[in-house]
Amino acid sequence: MALRVYNTLTGEKELFVPLVPGKVGMYVCGVTVYDYCHIGHARAGVVFDVIFRYLKYAGYEVTYVRNYTDIDDKIINRANQEGSDYRTVADRYIGAFDEDMARLGLQKPTVEPKATDHMDGIITIIEALITRGHAYMSGGDVYYAVESFPDYLKLSGRTLEDMLAGARVETGDKKRHPMDFALWKGSKPGEPWWHSPWGNGRPGWHIECSAMSMEFLGKTFDIHGGGKDLVFPHHENEIAQSEGANGCQFVRYWLHNGFVNINSEKMSKSLGNFFTIREVLKSYDPETLRFFILSAHYRSPLDFSDQNLDEAQAGLERLYSCLAALDRVPVGDNGPDAALTPVGEELREKVTQFRSRFIEAMDDDFNAAQALGPLFDMVRGTNRFLAESGEQAGASRQLLGQLRALLMEAGGVLGLFTVPPEQWLAGIKAAGVGRLSLTVEQIEQLIAERREARQTKNFTRGDEIRDQLLAAGVQLLDSAQGTTWNVK
RNA sequence: GGCGCGUUAUCCAAGAGGCUAGGAGCCGGUCUGCAAAACCGUUAACGUCGGUUCGAAUCCGACACGCGCCUCCA
């Protein structure tokens, strides 16, 4: 099997063949830095992080570029609101973005360029567009003439007529066609500006991505990604700019992730129904959020809710618990594994098939949700084997070691299992304690009281304490070694 | 209005002509003073109506419902 990816441009899954064998150039639209990131940004970040990781896992040398758009109307507005300047706002939210993405465990892209560091490239492309008749000056601005580019809207599969029908497009007096868009905006008083052949001003939205991708990946490159909402106008306009200026294909494979929904409705700034990443990470572990994102295919909508996050946590906990159980297996001798029981043979079979099943899923348009299946399968087999062999499990350490390595290998691609299992499990518990009305001391005290009651066979009192704690959200776990507890 | 997408069991969610997805839950079992937890086992589905086919969640058509884009958005 070979990697196949869904290309928005053709609307089909295609065999992935990079421009240069063994190498991949990938550009993903980052963020416009004017506010904290929400869960939608988290999804895009995680999805393309996994794509980046998988391409490397598949043996490609990947150049991954993810930009910061650090000059834009919204940044300027924000700066005006708070009485600072665009640079202050941009730098603050670049810092916040980096923090959020690091917490979600994203690997650093190869390059993370900023729009304002690429003014020369931006100006060069606009000049080329004017020369080739794709752009025109008007009232201090420069606009792209969409009618000059026959392929315009090929990505979203529409026509200019479709777009205008019933649409609320204002016919700005500066534009020749209502769909024309700004490449360069003349600066108004008090606004940041850069020198250009068309006077002082700043770039329009879209052009920075054409400039930065060309700078680091060339005129034609393999993968361009972003959220579905960028298909139009952002990516459509990038195509018009880059292909208009260079006269050659811009991007070979367009990848777009689906939205995060709240109650089946798109999460967005304008609807005001969004959660920031940092808000969510107050109640949920970052890897849980990551796991939740990976539990649906990247192009499908993903419904965000506490219930779904809780389920994701339960799933991830199952995986981590298995890893922790493997760590507790007593070390056997270094000799060959003991003869396996039927249950052991079954597990060996799962171990043998694991990698090909995992790769098959990921090769099919990065289907991480499907790739999770073999992980859980192997976990079930492991639990079963461990339960059966008990103290003797150490005699099969080669098999178990191989199994653990495979789990970690898959975790490396998905960005999971980055925390030592016992520590992760302890972290989940600690987070739960923070939400309780009882202190750890009070809980321990009650448990001690219960132990005494039970020792004197006063089960009524013992059960009373157990119910009391349960009502407070504390779940007791009795075992031969004594009583421990968990937050429910 | 134009264009596009989706509808899978109690819930979440893969699958895209014949091949066990998976998770949570329910139920049964092991364990336990009884429970809980953990572990094991197990259950069930393809929106509706037609069509193509030896065979359809899967392909085609109609309908219903939901959603998205057409305006800043990951």
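These numbers come from a predicted model, not from an experiment. Residue numbering restarts at 1 for every chain, and letters A, B, ... go by the order of the sequence lines.
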Legend entry - Six-ring centre of Tyr6(A), Lys13(A) cation under 6.0 angstrom, axis tolerance 45°: no
Legend entry - Pair partner, rU7(B) [Watson-Crick or wobble, under 3.5 Å]: rA64(B)
Inset, instruction - Quick one: classify the glycosidic conformation of rA57(B) as syn or anti, with syn meaning within 90° of 0. - result: syn
Legend entry - Sole residue of Leu403(A), Asn383(A), Leu319(A) in side-chain contact (heavy atoms from CB on, under 4.5 Å) with Met378(A): Leu403(A)
Legend entry - Watson-Crick or G-U wobble mate for rA57(B), both contacts under 3.5 Å: none
Inset, instruction - From the options rC69(B), rA74(B), rA14(B), select the nucleotide whose nearest atom is closest to the side chain of Val260(A). - result: rA74(B)
Legend entry - Base of rA35(B) paired with side chain of Asp478(A) (donor-acceptor, under 3.5 Å): yes
Legend entry - Distance test, side-chain N/O of Arg380(A) to OP1/OP2 of rG23(B), below 4.0 Å: yes
Inset, instruction - Could you tell me whether Leu476(A) contacts a base, only the sugar-phosphate backbone, or nothing, with contacts defined as non-hydrogen atoms closer than 4.0 Å? - result: base
Inset, instruction - Fit a plane to each ring of His234(A) and His206(A), take the angle between them on a 0 to 90° scale, and name the class: parallel (under 30°), tilted (30 to 60°) or perpendicular (over 60°). - result: tilted
Legend entry - Polar side-chain contact Arg466(A)-rA36(B) base: donor and acceptor under 3.5 Å: no
Inset, instruction - Flag yes if more than 12 heavy atoms outside Arg355(A) fall under 6.0 Å of its CZ atom; otherwise flag no. - result: no
Legend entry - Any strand: nucleotide that pairs with rA37(B) via Watson-Crick or wobble, under 3.5 Å: none
Inset, instruction - Identify whether any heavy atom of Asn367(A) sits under 4.0 Å from a base atom; if not, whether one sits that close to sugar-phosphate; answer base, sugar-phosphate or nothing. - result: sugar-phosphate
Inset, instruction - Among rC34(B), rA74(B), rA37(B), find the nucleotide with the atom closest to the side chain of Met267(A). - result: rA74(B)
Inset, instruction - Look at all strands and tell whether Ser264(A) reaches a base, only sugar-phosphate, or nothing, counting heavy atoms closer than 4.0 Å. - result: sugar-phosphate
Inset, instruction - Report yes if a side-chain nitrogen or oxygen of Lys228(A) is closer than 4.0 Å to either non-bridging phosphate oxygen (OP1 or OP2) of rC5(B); otherwise report no. - result: no
Legend entry - Complementary nucleotide of rU32(B), counting Watson-Crick and G-U pairs under 3.5 Å: none
Inset, instruction - Would you kindly check whether a donor in the side chain of Glu311(A) faces an acceptor in the base of rG23(B), or vice versa, at under 3.5 angstrom? - result: yes
Inset, instruction - State whether Asn383(A) places a side-chain N or O below 4.0 Å from either non-bridging phosphate oxygen (OP1 or OP2) of rC40(B). - result: yes
Legend entry - Heavy-atom side-chain contact between Arg66(A) and Phe48(A) under 4.5 Å: no
Legend entry - Phe259(A) ring over rA74(B) six-membered base ring, under 5.5 Å and 30°: no
Inset, instruction - Classify the side chain of Asp463(A) and the base of rG33(B) as holding, or not holding, a donor-acceptor pair under 3.5 Å. - result: yes
Inset, instruction - Tell me whether the OP1 or OP2 atom of rA38(B) has a side-chain N or O from Arg318(A) closer than 4.0 Å. - result: no
